[in-house]
Amino acid sequence: MVVAVTIALNCCAAPTQDAPPLNWFKKTTEVIAFQLNKAAQTYQPGQNPRSVNPNGTVRTAGLTDWTTGFFPGSLWYGYELTGDKHLAEEAKKFTLALDSVRNITNTHDMGFMLYCSYGNAYRITGDKTYLPVLADGAKHLYNRFNPKIGVIKSWDFSWWHYPVIIDNMMNLEYLYWGAKEFKNPNYAIAANTHATTTMKNHYRKDYSSYHVVDYDPATGKVLRKATHQGLTDESAWARGQAWGLYGYTMCYENSKDPKFLAQAEHIASFIMNHPRTPKDKIPVWDYDVHNALDTEERAPRDASAAAVIASALLDLSKQVKNGEKYVDYAEQILKSLSSDAYLAKPGENHYFLLKHSVGAFLYNSEIDTPLDYADYYYLEALKRYAEIKKINH
Ligand code: GLY
């Protein structure tokens, strides 16, 4: 079903030469309505579409998958962007299927899993029946915080002692929100402390970040700085830079601590001024790939990193006095992602929105594929863009 979307243009938007202003946005929302409705009909709640396998089948995310909250969250954002009430009904169905995620205690990913699904459900509907699941998930995330080390433990698996990944910055939003909703200031203290420790130990002088920092659980000493999904321990994994930018922007918004804003602006500068950023602003999966592995032309891009960067920059633009440069850069990303090069044609791409993301290149996993979190942050960025540009459906 294609939903007719009427765009009320910002009074001051400058006309472009090739098309009436914001035509690209209108076309994009039509594709979104079509793809999300078809996806909701095609996939089963609790088995959410995650990516596409090399053999062309769809990899689904079950209840313990870190990405399981993104498809329900995409349906909620799709509803907000298009006004299509049917998407809200589907979003509710796909959200409620994640009820048992509230019992998970062995990962930091509770924010991705529950705040993106149940969190959006509650934000949009105000329905308090979503709260008990959110309360359990926030408690379990907080319980992974060790005040002696000053960070939340990301993973319980593998050879690491007390691993913290840069991605963990994203899950702090759930704690800031939980601190207010459940009147527990300890949640915000944990989030602030985690962000401060991560600033100290994850970042290099050029404001690129390590992916994983492993701590000694007994002393809090840093044992190792390494990568899990990047090219090398010393490289700048593209999505890691995106998670950090988004994380510090969000931490400033919640805490108003100026050091977090400064950190966000430094990371933005690393990304926006990087000499290996392609013309269309969609990064290769690791900023250091060009030298070490491949030529830029052959190396896969990561649309998911670009979508997270766009969403973060739009948020950052609201936190600073002269935010226009961040809006402009995010707009360039969104126009690229909304072009035929990245955005699926209606009915194609297994009903995902975006093509061309990378999950974990060196594990030969999810290379040049759609990804559920690319779609989620693309939708969030479009919503933020629409708010800034005063585009109404
Ligand atoms: N949080 C895992 C990833 O970004 O791939």
Side-chain angles (χ1 to χ4, degrees), residues 48-53 59-62 64-71 73-74 101 104 106-117 137 141 144 151-158 160 163-174 194 198 202 208-214 226-233 235-248 250 267 271 282-287 289 300-312 352 354 356-378 380-381:
N48 300 326
R50 170 177 165 148
S51 61
V52 178
N53 294 311
R59 176 178 179 182
T60 54
T64 58
D65 187 307
W66 78 273
T67 74
T68 202
F70 292 120
F71 183 65
S74 289
V101 175
I104 292 177
N106 65 354
T107 176
H108 70 115
D109 284 323
M110 303 308 280
F112 286 128
M113 296 163 93
L114 289 180
Y115 194 59
C116 297
S117 53
L141 176 58
R144 297 180 65 77
V151 274
I152 292 162
K153 188 181 182 196
S154 299
W155 299 325
D156 286 359
F157 64 86
S158 199
W160 308 98
V164 178
I165 58 174
I166 192 63
D167 325 31
N168 205 326
M169 289 296 301
M170 298 297 286
N171 292 310
L172 304 183
E173 190 168 13
Y174 188 14
H194 180 101
T198 298
H202 264 78
S208 68
S209 88
Y210 289 92
H211 185 194
V212 192
V213 174
D214 196 21
T227 198
H228 180 63
Q229 280 159 271
L231 179 64
T232 68
D233 287 349
S235 72
W237 174 48
R239 198 162 51 254
Q241 312 319 301
W243 291 145
L245 171 65
Y246 191 115
Y248 282 101
M250 174 275 298
I267 303 167
I271 291 170
I282 312 302
V284 167
W285 66 277
D286 189 299
Y287 285 97
V289 155
R301 306 295 186 84
D302 184 7
S304 77
V308 174
I309 291 167
S311 189
F352 288 94
L354 294 178
H356 307 313
S357 289
V358 173
F361 188 93
L362 294 187
Y363 292 90
N364 203 20
S365 172
E366 298 181 314
I367 297 172
D368 197 17
T369 175
L371 281 172
D372 48 2
Y373 42 98
D375 286 3
Y376 177 87
Y377 289 103
Y378 173 58
E380 183 183 80

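Whatever order the structure lists ligands and atoms in, that order sets their numbers, starting from 1. Note that the numbering runs from 1 along the sequence shown for the chain.
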Exercise for the section: Salt-bridge test for Arg144 and Asp156: reply yes if a basic N is under 4.0 Å from a carboxylate O, no otherwise. Expected result: yes
Problem - Trp66 and Tyr373 aromatic centres sub-6.0 Å - result: yes
Exercise for the section: Verify the distance criterion only: is there a donor paired with an acceptor across the side chains of Ser235 and Asp286 at less than 3.5 Å? Expected result: yes
Handout entry: Plane angle bin for Tyr377 and Tyr246 - parallel if under 30°, tilted between 30 and 60°, otherwise perpendicular
Key = perpendicular
Fill in the blank from the handout: Sorted by chain and residue number, the residues having a heavy atom closer than 4.0 Å to an atom of ligand 1 are Trp66, Asp167, Gln229, Trp237, Arg239, Trp243, Tyr373
Exercise for the section: Fit a plane to each ring of His228 and Tyr363, take the angle between them on a 0 to 90° scale, and name the class: parallel (under 30°), tilted (30 to 60°) or perpendicular (over 60°). Expected result: tilted
Handout entry: Qualifying residues under side chain to side chain donor-acceptor pair (under 3.5 Å), relative to Tyr210, sequence neighbours excluded
Key = Glu234
